[in-house]
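Taking it in order: structure first as structure tokens, then the write-up.
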There are 2 protein chains.
Amino acid sequence: MARTRSSEAGPAERGSRTQDPVGVKRDILDVATKEFAANGYSGARVDEIAARTRTSKRMIYYYFGSKKGLYLAVLENAYRGIREVEGGLNLDTLEPEIAMRALVAYTFDYQNAHHEFIRLVMIENIHDAEHLRSSEVIEGLNVGVIETLKQIISRGQRSGKFRNGLAPIDLHMTISALAFFNVANSPTFSAIFKVDMRSMNALAIRRAQVIDVVMRYVLA
Amino acid sequence: MARTRSSEAGPAERGSRTQDPVGVKRDILDVATKEFAANGYSGARVDEIAARTRTSKRMIYYYFGSKKGLYLAVLENAYRGIREVEGGLNLDTLEPEIAMRALVAYTFDYQNAHHEFIRLVMIENIHDAEHLRSSEVIEGLNVGVIETLKQIISRGQRSGKFRNGLAPIDLHMTISALAFFNVANSPTFSAIFKVDMRSMNALAIRRAQVIDVVMRYVLA
DNA sequence: GACACTATGTACTAATCTGTTCATTCCCGG
DNA sequence: CCGGGAATGAACAGATTAGTACATAGTGTC
């Protein structure tokens, strides 16, 4: 069923079913991402990944060298995704208060829309971020968010709407924590408190709450 | 070096080095907790656990049946730890505002003091809480916190200090999110933003911030 | 002090899993 | 149209790993 892959990018596409390096690489990466996100690093099986691929295990080692190499490629690829969208928000033109709300909403939505990414981050944390730290690709990645926050905060303070004593990194931590928890800890939290956190309704309510928490914290 | 174990609890202790069911069980559980917390479910090795124990792998299967059985015991044991301390705070006698601050501070401190527990929760979440859900021991466990919160909120509202529209569960989610993130995501967050989140100083600052975030959210 | 039952150690097995070997096919440049 | 490097497949090897069979020792009970 995943036979229609290899479409986007790659010299293949025009009928040739065999010999498609870019498509094969992409295919492996996609499957591996799901597999690692679903089972963790040790839990993921190279054989299983290979089986779900339209190619063979041989190719995984041909392109990525080892299981760890594959995992690193998956991780870097996932982090790359964020950088792309980030920045396209153009918050500079908005009122600081509106801009802040938009930023929090965006963060919340993005994390909710990218469960696999969240899970990879969780997995990295369990491994004390050793892969992340060894990767140059991810060097100073999310610095953009901090800059954006810094801008919004100063503008808000200048206009008197925001209070003093707000550190960009700390605020980002607060926003991240609230957004992250909703995706990452939903299984255990729901299990213990018998609540549904994944329904459209619950998400909308929580989203508003998270924005509220942040706004009450920054407003003067 | 862990040879001095088996001390607390158990019919052993009085010199007899052999035959000490309670101590052996306790020993296995302790070692397994660290091992699972450090490497995840799949990453943990039964042989490794056995090696770090003063007993043999045979005993693990004798007492816990399987790797999964051992993991479940570890999980339940870890959750049991919370229930014990919880409730000994006696927040009912304090002013609602003080009580709320104390509760947040307690949550933050507890999670910081129990990294292994946090890691086990992370691991459970990666596995979609399937073990947690299958465990009767953990049935309605943290309900106590919700009751406590409910009390504090109503008292705060009656005295006019707290605003309306505060749901105990949601508030608990906010508090948990902020406390949890600091322990759970510290590896990746520190790696990306080059900050230290584990120093005494950083912890104290963050703790105050978290309390502040919550208080600004609940105060009228 | 023998009996029955629990607790424990050693050595093994069967399955699993990562990584490799060897051979084959594809495809582009001359 | 062919020669050589890149791409791919099938099967295999070596190591690891969860789990077990067998034998033995301790221990409270009568």
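Just so it is clear, the model here is predicted, and its values are computed rather than measured. Note on naming: letters A, B, ... go to the chains in the order of the sequence lines (proteins, then strands), and numbering restarts at 1 for each one.
The distance between atom CE of A:Met59 and atom P of D:dG9, rounded to the nearest whole Å, is 6 Å. B:Ile28 places its CD1 atom 14 Å from the P atom of D:dG19, with the value rounded to the nearest Å. A:Asp27 has its CG atom 15 Å from the C1' atom of D:dA7, to the nearest Å. In this structure, the CG atom of B:Asn39 is 15 Å from the C1' atom of D:dT16, given to the nearest Å.
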Intermediate values then yes/no, salt bridge (Lys or Arg N to Asp or Glu O under 4.0 Å), B:Glu35 and B:Arg52: CA-CA 9 Å; B:Glu35 196 68 11; B:Arg52 293 195 201 284; 3.4 Å; yes
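Aromatic pair B:Phe180/A:Phe180: centroids not less than 6.0 angstrom apart. Ring pair A:Tyr71/A:Phe64: centre-to-centre distance not below 6.0 Å.
Side chains of B:Thr53 and B:Asp27: a donor-acceptor N/O pair is absent below 3.5 angstrom, by distance only.
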Heavy-atom protein contacts under 4.0 Å, nucleotides 14-20 of chain C, coded B base, S sugar-phosphate only, - none: ---SBBB
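The side-chain tip of B:Lys67 points at the ring of B:Tyr41 from less than 6.0 angstrom away and within 45° of straight on.
Across all strands shown, A:Phe64 has no heavy atoms under 4.0 Å from either base or sugar-phosphate atoms.
An OP1 or OP2 oxygen of C:dT10 is reached within less than 4.0 angstrom by no side-chain nitrogen or oxygen of B:Ser56. For B:Tyr62 and C:dG9, the shortest distance from a side-chain N or O to OP1 or OP2 is not below 4.0 Å.
Ring pair B:Tyr110/B:His114 is parallel by interplanar angle, where below 30° counts as parallel and above 60° as perpendicular.
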